[in-house]
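Shown next, in structure tokens, is the structure this report addresses.
Predicted model, so just to flag it, every value in this text is computed and none were measured. Here is the naming used below: chain letters follow the sequence lines, and residue numbers restart at 1 for every chain.
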2 protein chains.
Amino acid sequence: MNIGDVSNQTGLPAKTIRYYEDIGLVKPLRDDNGYRRFRSQDVHKLNFLGRARALGFTIEDCRTLMALYEDETRASADVKKVARAHMAQIEAKIADLNAMRDTLSHLIDACAGDDRPDCPILQDLGGQA
Amino acid sequence: MNIGDVSNQTGLPAKTIRYYEDIGLVKPLRDDNGYRRFRSQDVHKLNFLGRARALGFTIEDCRTLMALYEDETRASADVKKVARAHMAQIEAKIADLNAMRDTLSHLIDACAGDDRPDCPILQDLGGQA
DNA sequence: ATGGGGGTTCCAGTCACGGGAAGGTCAAGG
DNA sequence: CCTTGACCTTCCCGTGACTGGAACCCCCAT
């Protein structure tokens, strides 16, 4: 399989797949003409990576998870630890964003949104809250 | 005021303040020795920027908001528009993160987290959901 | 004179790619 | 045989909003 087919099958852009090879996440073979040749196990790996990335794991997390995936003697505790650390990050981010949203929501509600210059949003940013 | 004092007053790292000058958000004067000299209006601007950034506005949004802030003839509608667009982005991000968190939460709950290799997290990532 | 705590510039790195240039390869059609 | 067009290759630059660090200057106190 060439990179275009793999891209279609996995939904990952060809650029991304090349990048993943660059950083050693996947190691396709090469044809005589220099084209990458992907085996089914490569495609499987890429699907794994795509799903992990979709869950927000960093590339380094993905590397760790892949290693665990391929290690038959792994302990599921190690996987869970990575997942929990990541979820903590996500929850922290959600909390941040919720705080922003709440503040913004109040400010937006308080703003007339007409052609006059008075604006509680700018007042708040300017420090006269 | 030198940059260190401004940094203390605004809570912004000196590096960040220099960066804001670089991209034209603030224009402090210079002393004869080359040191930046910040007037109170510069400090005020930096506080404005700090608050806007804390609400998650991009630098470009900040530039726009600052321009509106300094324009006495602005229409509050323009400010509100920027704020609403930003809030939409935030809500989209929250939705994404909530979806990730929910999926992760289920997977983490399902994982024994012991010394055995069986792991529903890896199974899911591997495509055997 | 020396030490320490300011300040300055500039360059490189972050993260996970994306855009685009310049060029090689392959299969189909005229 | 030639061309066209769709592939593929590498390489380099840009993203956003900074952060770290090197190398150097300035000023005051001891």
Enumerate the protein-to-nucleotides 17-19 of chain C contacts in which both atoms are nitrogen or oxygen and the separation is below 3.5 Å.
residue: dC17(C); atom: OP2; partner: Y20(A); partner atom: OH; Å: 2.6
residue: dC17(C); atom: OP2; partner: R53(A); partner atom: NE; Å: 2.9
residue: dG18(C); atom: OP2; partner: T16(A); partner atom: OG1; Å: 3.0
residue: dG19(C); atom: N7; partner: K15(A); partner atom: NZ; Å: 3.1
residue: dG19(C); atom: O6; partner: K15(A); partner atom: NZ; Å: 2.7

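- Looking at heavy atoms from C-beta onward, P117(B) lies out of side-chain contact with T73(A) at the 4.5 angstrom threshold.
- In the 5' to 3' direction, nucleotides of DNA chain D lying under 4.0 Å from heavy atoms of chain A begin and end at dC7(D) to dC11(D).
- Listed pair R30(B) / dT9(C) meets the phosphate criterion, a side-chain N or O lying under 4.0 Å from OP1 or OP2.
- Residue contacts for I23(A): at a heavy-atom cut-off of 4.0 Å it reaches no nucleic acid atom on any strand shown.
- In this structure, I17(B) atom CD1 and dT9(C) atom C1' are separated by 17 Å, rounded to whole Å.
- One can place CZ of R18(B) at 12 Å from P of dG6(C), the figure rounded to the nearest angstrom.
- When the P atom of dA16(C) is taken as reference, atom CG of L49(A) falls 12 Å away, rounded to whole Å.
- Counting only N and O atoms by type, the side chains of S76(A) and D114(B) include a donor and acceptor under 3.5 Å apart.
- Other residues, nucleotides and ligands place no more than 12 heavy atoms under 6.0 Å from the CZ atom of R116(A).
- Between D22(A) atom CG and dA16(C) atom C1' there is a gap of 12 Å when expressed in whole angstrom units.
- Rounded to an integer number of Å, the gap from CG of D32(A) to P of dG24(C) is 18 Å.
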